[in-house]
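Note that the coordinates shown come from a computational prediction; the quantities given were computed from them, not determined experimentally. We count ligands from 1, going down the list as the structure has it; atoms in each ligand are counted the same way. FYI, the numbering just counts along the sequence from 1.
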Amino acid sequence: MLMRFSSEISYRNDEERENERGSLVPPPELVVGYALTSKKVKSFLQPKLERLARTKGILFVAIDQNRPLSDQGPFDILLHKLTGKEWRQILEDYWEKHPEVTVLDPPGAIQHVHNRQSMLEDVADLNLADCYGKVGVPKQLVITKDPSSIPDAVSKAGLTLPLVAKPLVVDGSAKSHELSLAYDQYSLSMLEPPLVLQEFVNHGGVLFKVYIVGEAIKVVRRFSLPDVDERELLNNAGVFHFPRVSCAAASADDADLDPCIAELPPRPLLERLARELRRRLGLRLFNIDIIREHGTRDHFYVIDINYFPGYGKMPGYEHIFTDFLLRLGSKQV
Ligand SMILES: Nc1ncnc2c1ncn2[C@@H]1O[C@H](COP(=O)(O)OP(=O)(O)OP(=O)(O)O)[C@@H](O)[C@H]1O
Ligand SMILES: O=P(O)(O)O[C@H]1[C@H](OP(=O)(O)O)[C@@H](OP(=O)(O)O)[C@@H](O)[C@@H](O)[C@@H]1OP(=O)(O)O
Ligand SMILES: [Mg+2]
Ligand SMILES: [Mg+2]
């Protein structure tokens with residue numbers, strides 16, 4: 001697949017330039033502590049975000065994981081994406097002692113989207129049928145043990161091939177993003193549980209990533225896996241493994257695409273979906289991967305939900321994020 005590289009030119013306004021000279025930089029009014037991996041710091045805390053934040057009175061402070069959290073701060077907001085029970089405990093203990101600090105987001109709510117079965121349960125429970133389209137989740141089956149039982153389990157559950165096999169738990173590791181596409185029922189016993197088997201839905205090779213930051217929503221197009229037709233299904237057997245599809249996928253926003261495939265999902269549908277999921281999941285920072293069933297105008301499937309995704313790839317994220325933090329700081333959110 002061809003990758004497209006783009007560079008973004010950012011224009012500063014007079015106020016920002018003035019502030020950078022020093023004299024007008026206000027003292028920080030909002031201190032945001034962050035505990036993120038170095039990869040995330042690089043992609044999220046870009047200079048354009050820190051610069052704009054400073055002019056708005058927001059200071060980002062790195063949390064030192066080798067020192068007690070209570071000795072650091074004080075913080076108004078804690079931003080985090082680290083995995084592991086230990087970190088979760090530290091955060092929960094801290095929050096109990098400092099309920100005045102806004103923790104983005106609550107560890108328990110994040111845990112819910114670390115499992116590919118529970119992450120989609122709330123979407124399956126939604127009834128958005130009258131809202132400019134239908135949103136569902138692909139038919140799926142969870143396999144926790146005994147790979148030899150998979151072919152039987154699949155036919156009992158009535159799943160249609162091909163199937164996408166995804167590791168059940170998403171723990172931030174590269175392995176948890178290694179997916180497989182299974183063309184025939186018997187090869188399914190070669191897979192390694194625990195996993196989720198999901199019906200592959202043809203969608204014209206384009207996926208919509210819906211980024212959510214509090215109340216704000218931004219949707220972008222990405223290239224995705226191509227459709228699988230009947231002939232391909234008949235002529236192929238076995239399981240095809242592919243590592244980290246979505247990170248290798250280029251933006252499809254400027255590509256010359258069939259309008260029926262490229263048309264973004266209706267705004268009211270996304271607004272409603274985002275509002276419902278925000279409430280049900282108890283998260284403010286996440287994204288949703290949505291596909292449109294090929295050949296339909298308004299049948300959508302949610303295939304993935306990610307906590308604190310790659311906001312650095314979301315156009316204008318520095319404005320959206322700083323506005324969100326300010327609203328949170330003034331307790332309007
Ligand atoms: N049910 C499906 N039908 C069709 N294509 C799918 C399906 N599930 C996944 N895909 C394709 O595989 C890609 C990766 O799947 P998914 O988003 O579930 O994995 P992930 O590792 O959690 O990705 P991310 O990096 O976004 O967290 C999707 O972006 C899409 O291209
Ligand atoms: O940066 P992180 O390590 O958090 O990686 C996240 C990645 O963001 P990045 O683009 O900044 O890598 C996200 O990409 P987009 O959906 O926004 O494309 C998405 O793939 C998440 O699932 C990843 O989180 P993980 O599931 O691995 O915890
Ligand atoms: Mg995804
Ligand atoms: Mg994911």
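- Note that OG1 of Thr37 is 9.5 Å distant from CZ of Phe308, once rounded to the nearest 0.5 Å.
- Of all heavy-atom pairs spanning Asp227 and Gly204, the tightest one is OD1-N, 2.8 Å.
- Below 3.5 Å of separation, one finds an N or O of Lys40 facing an N or O of ligand 2.
- Judged by distance alone, the side chain of His112 and the main-chain N or O of Ser118 form a donor-acceptor pair under 3.5 Å.
- Contact annotation: for Asp171 versus ligand 2, there are no heavy atoms closer than 4.0 Å.
- The Mg ion (ligand 4) has no N, O or S atom of Asp289 closer than 2.8 Å.
- Lys166 and Asp304 are not joined by a salt bridge, as no carboxylate oxygen comes within less than 4.0 angstrom of a charged side-chain nitrogen.
- When the heavy atoms of Thr37, Leu36, Asn306, Val113 are ranked by distance to atom 22 (O) of ligand 2, first place goes to Asn306.
- More than 12 heavy-atom neighbours from other residues, nucleotides or ligands sit within 6.0 angstrom of CZ on Phe242.
- Counting only distance, with no hydrogens or angles, the side chain of Tyr317 and the backbone of Val213 share no donor-acceptor pair below 3.5 Å.
- For atom 8 (O) of ligand 2, the nearest non-hydrogen atom from the set Gly312, Ala174, Gly310 belongs to Gly310.
- Nearest N/O/S atom of Asp304 with respect to the Mg ion (ligand 3) is recorded as OD2.
- Using a non-hydrogen distance threshold of 4.0 Å, Arg222 registers as a contact of ligand 2.
- Between Trp87 and His80, the ring planes are tilted. Angles from 30° to 60° get that label.
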Would Asp152 and Ser149 satisfy side-chain hydrogen bond (donor to acceptor under 3.5 Å, both in side chains), going step by step from the backbone distance to the final call?
CA-CA 6 Å; Asp152 255 5; Ser149 70; over 6 Å; no

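- Residue His177 has at least one N or O atom closer than 3.5 Å to an N or O atom of ligand 2.
- Residue contact check: Ser43 has heavy atoms under 4.0 Å from atoms 11 (O) of ligand 2.
- Formation of a donor-acceptor pair under 3.5 Å by the Glu199 side chain with backbone atoms of Leu159 is not found in this model.
- Near Val170, meaning under 4.0 Å from one of its heavy atoms, ligand 2 places the atoms 26 (O).
- Under 4.0 angstrom from ligand 2, there are no non-hydrogen atoms of Asp304.
- With Lys313, Met314, Lys209 as candidates, the residue nearest to atom 16 (O) of ligand 2 on a non-hydrogen basis is Lys209.
- Contacts of Tyr211 with ligand 2, taken as heavy-atom pairs under 4.0 Å, involve the side chain alone.
- Close contacts between ligand 2 and Lys81 involve ligand atoms 4 (O), 6 (C), 23 (C), 24 (O), 25 (P), 28 (O) [criterion: under 4.0 Å to a heavy atom].
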